[in-house]
4 protein chains.
Amino acid sequence: MTEPAGRRVRTAALELFAERGFHGTGIRDLAQRAGLSTATLYHYMGTKEDLLAEIMRDSMRLLLLAAGQTGTFGTPTERIARLTQIHVLAHAARPLHTRVADDEIRALSAPVRAEITALRDEYEDFWQSAIDDGVTSGEFRVAAPTVARLALLEMCSGVARWYRPDGPLTASELAARYVEMALGLLTVDGAAPALDPGAADDMNELVSELWPL
Amino acid sequence: MTEPAGRRVRTAALELFAERGFHGTGIRDLAQRAGLSTATLYHYMGTKEDLLAEIMRDSMRLLLLAAGQTGTFGTPTERIARLTQIHVLAHAARPLHTRVADDEIRALSAPVRAEITALRDEYEDFWQSAIDDGVTSGEFRVAAPTVARLALLEMCSGVARWYRPDGPLTASELAARYVEMALGLLTVDGAAPALDPGAADDMNELVSELWPL
Amino acid sequence: MTEPAGRRVRTAALELFAERGFHGTGIRDLAQRAGLSTATLYHYMGTKEDLLAEIMRDSMRLLLLAAGQTGTFGTPTERIARLTQIHVLAHAARPLHTRVADDEIRALSAPVRAEITALRDEYEDFWQSAIDDGVTSGEFRVAAPTVARLALLEMCSGVARWYRPDGPLTASELAARYVEMALGLLTVDGAAPALDPGAADDMNELVSELWPL
Amino acid sequence: MTEPAGRRVRTAALELFAERGFHGTGIRDLAQRAGLSTATLYHYMGTKEDLLAEIMRDSMRLLLLAAGQTGTFGTPTERIARLTQIHVLAHAARPLHTRVADDEIRALSAPVRAEITALRDEYEDFWQSAIDDGVTSGEFRVAAPTVARLALLEMCSGVARWYRPDGPLTASELAARYVEMALGLLTVDGAAPALDPGAADDMNELVSELWPL
DNA sequence: CATGAATGAGAATTCATTCAT
DNA sequence: GATGAATGAATTCTCATTCAT
């Protein structure tokens with residue numbers, strides 16, 4: 001409680017947006033968590049959406065900054081390794097920020113969403129160009145580079161949903177493992193023991209039965 | 001509009017919950033999308049939460065049923081391959097259901113959440129035991145099997161967020177690729193070209209600077 | 001359930017209006033209790049208020065009929081005795097009807113309320129004229145005959161709120177006791193051991209303190 | 001209108017609940033009577049039921065307090081006399097509170113109802129033990145002491161329904177009269193001119209005809 | 001700085017009732 | 001008879017926000 005009120009508001013917003021989502025959080029909840037009245041709340045914030053936008057901007061800008069400092073030099077392999085590492089470390093170190101940034105884009109109004117989406121696209125461009133460069137250079141072998149980017153980012157971002165620093169792995173160890181997985185994913189050689197085609201058809205049939213259109 | 005009204009309500013709920021989230025969807029939205037008045041809406045549904053619970057129950061039960069039919073026999077490698085395949089196919093074929101089921105658990109009231117969580121835990125047990133068995137048999141080499149399960153599921157579930165059937169890959173092709181990735185992930189041999197330790201430290205330092213605790 | 005539906009509706013209304021009050025009872029409640037759909041309900045009734053009006057009309061008409069047959073001949077003492085007896089017997093025998101009639105007048109719309117109030121006034125006139133005649137003849141000694149009527153009726157009507165036929169008194173015994181009390185009440189001779197005036201003042205003071213205006 | 005808004009809300013609730021009943025009073029009615037918008041109303045209250053619970057709690061607590069101060073010493077006759085006096089005075093002085101407390105218990109939700117019922121039972125215990133003590137000491141002669149308590153309370157509470165301070169009796173005079181009636185009721189000697197048995201049977205027959213089971 | 005007071009709009013849900021079949 | 005479908009109006013209550021003090 002020695003923290004300044006303005007900071008407490010941000011912390012409250014971060015925690016509650018991560019926990020209940022933007023639409024699931026009321027300003028009364030924010031006020032209570034911050035230990036203020038709802039009216040006082042407005043001394044320290046603009047609108048509720050501004051609060052969300054701040055969180056997302058901060059989150060994206062830092063990621064973007066880090067990507068700019070690490071993702072622009074060296075071989076594609078090195079670039080992907082470093083991008084993966086900071087992405088995982090960031091998601092392990094700041095799970096609330098990253099979860100909000102990942103989950104609540106749809107809650108933003110059009111103009112802010114455009115702004116945040118632009119930042120995110122810029123960030124993902126670092127990944128995409130590293131992947132594309134790797135494919136061009138032959139370091140990576142992937143059929144659909146765009147799909148690869150999406151799969152990689154989903155996989156790495158998931159960390160924010162379950163990683164606990166008091167678990168068996170440190171954040172650094174976790175990041176190292178994800179780097180291995182990411183690079184493996186980008187150099188799939190098709191030598192993995194594929195299911196026999198008949199089995200694949202069976203699966204498709206099962207899915208069609210269970211989830212008819 | 002030849003569809004019966006009850007079905008239109010379910011479809012509207014599915015689409016809107018997936019698009020805007022449960023809390024971001026009002027009954028007015030549901031009514032409008034279903035082409036009914038809000039009062040008439042209640043002729044075809046219980047509460048808004050009932051609608052959500054139905055979607056999640058259906059989604060989880062089918063996944064569970066499919067896992068029961070495919071994830072219990074054969075080698076661990078085969079089991080994981082099949083589980084991955086149905087999971088990806090299901091998420092590609094029914095992205096709305098699976099997205100709602102993945103994203104809106106927190107919106108459920110305690111009793112329903114307990115019910116759905118139990119179904120989900122049961123489903124994830126198929127994965128966990130396949131992984132654990134593979135580790136025991138030596139087919140898989142993973143330091144933290146629980147982490148592996150989480151990473152795998154996150155990665156595969158992400159499909160529902162971006163896969164489009166009119167893209168470059170069919171759902172079957174996508175599933176095949178994910179099977180390869182999943183098996184690769186579980187047999188990481190540490191032989192991947194690790195970043196040199198100095199570089200890893202640099203990253204950690206950068207993260208510490210950008211996201212101070 | 002062998003009862004005809006129309007009767008079941010009346011019974012349901014009677015029970016629920018007595019139990020929860022008119023405004024506390026919804027047509028859904030009525031339909032459920034009667035074992036019908038809400039739409040079917042309307043085959044057997046007019047509006048919800050009609051149902052209430054029927055109950056009150058029946059209740060008041062019977063009371064009025066009985067009063068007309070018993071309250072018009074004999075001495076004032078005999079008339080009051082008979083009126084008390086039928087009033088108590090009626091309230092013991094038909095507690096639901098009488099409770100609804102006593103409690104729900106305010107729920108009626110103006111025109112129906114006027115009608116029911118007229119019936120009630122007519123009924124109470126039997127009491128009032130018996131009392132007044134007794135005062136004129138000297139059989140009764142009461143300072144405020146109107147107050148006496150109100151007190152008597154309140155006291156006797158209360159029976160419907162608590163009397164149970166399986167209790168220690170039969171309805172006839174109960175009625176006999178009330179006849180005694182009623183006649184005693186009308187022949188109060190002021191000889192009862194009054195509180196000393198000082199004590200009465202103390203009470204007034206206490207009330208003023210506890211319930212300040 | 002110089003009254004503070006919070007008080008106006010309480011007054012409005014008291015008046016309207018007494019006039020139309022809890023279920024017959026909408027928040028719109030409360031808001032209009034208090035001169036506020038419905039939203040502003042909620043600045044000054046919890047739920048509608050809270051408002052009712054407050055009224056009932058206040059009413060019962062004061063009655064209980066008064067009973068505790070006056071109903072515990074002296075002879076049974078004196079105790080009943082004082083209990084009757086405060087009960088009648090309270091009902092004459094605060095008819096709205098007491099009417100709400102008497103009529104709307106059924107409108108309360110289970111937990112609050114339990115609380116209020118406990119208070120009421122405690123209050124009625126003062127009456128019951130005074131009556132029982134009087135029966136033991138021989139001061140009172142009543143066949144069914146529990147019935148006597150119920151009859152007494154019904155009779156006295158009725159005052160709140162019709163007493164007007166600008167009528168022929170002051171509240172004190174009214175209370176004195178009720179004390180006489182109460183004591184008379186408790187010392188019924190059976191000497192009242194009973195109806196001849198044949199007449200009583202006639203009445204029973206008439207009731208049976210008019211209100212067949 | 002801080003807050004009590006205030007609000008129009010909207011939340012989910014229920015209301016009594018009608019009507020075509 | 002019986003009912004599924006439908007609804008405008010009303011229900012209680014919360015929303016995010018403003019503003020005078």
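A, B, ... follow the sequence lines: proteins, then strands. Residue 1 opens every chain. The model shown is predicted, which means the values in this text are computed figures rather than measured ones.
- The side chain of D:Thr40 lies closest to E:dA6, out of E:dT13, E:dA6, F:dA6.
- Of the listed nucleotides (F:dA16, E:dT17, F:dA5), F:dA5 has the atom at the smallest distance from the side chain of C:Ala39.
- The side chain of D:Tyr42 sits closest to F:dT14 out of E:dT3, F:dT14, F:dC15.
- With both pairing distances under 3.5 Å, E:dA6 is matched to F:dT17 as a Watson-Crick or G-U wobble pair.
- Each of A:Thr38 and C:Gly46 was assigned the nucleotide of DNA chain E with the nearest heavy atom; the assignment lying further toward the 5' end belongs to A:Thr38.
- The residue among C:Ser37 and D:Thr25 whose nearest nucleotide of DNA chain F is located toward the 5' end is C:Ser37.
- C:Arg10 has no carboxylate O lying under 4.0 Å from a charged side-chain N of C:Asp58, or vice versa, which leaves the two without a salt bridge.
- Using a 4.0 Å cut-off between charged nitrogen and carboxylate oxygen, B:Arg120 and B:Glu115 do not count as a salt-bridge pair.
- Remark: P of E:dA6 and CE of D:Met45 are 15 Å apart, rounded to the nearest angstrom.
- Atom CG of C:Leu36 and atom NE2 of C:His43 lie 10.5 Å apart (nearest 0.5 Å).
- What separates CD of C:Gln32 from P of F:dT3 is a distance of 15 Å, to the nearest Å.
- Atom CD1 in B:Ile27 sits about 14 Å away from atom C1' in F:dT14, given to the nearest Å.
- Side-chain proximity of C:Arg28 to E:dT14, F:dA16, E:dA2: nearest is E:dT14.
- Taking CG from A:Leu14 and NE2 from A:His97, the interatomic distance works out to 4.5 Å, rounded to the nearest 0.5 Å.
- For B:His43, no side-chain nitrogen or oxygen approaches OP1 or OP2 of F:dA6 to under 4.0 Å.
- Relative to the side chain of B:Tyr44, the nucleotides E:dA12, F:dA5, F:dT17 differ in distance, and F:dA5 lies closest.
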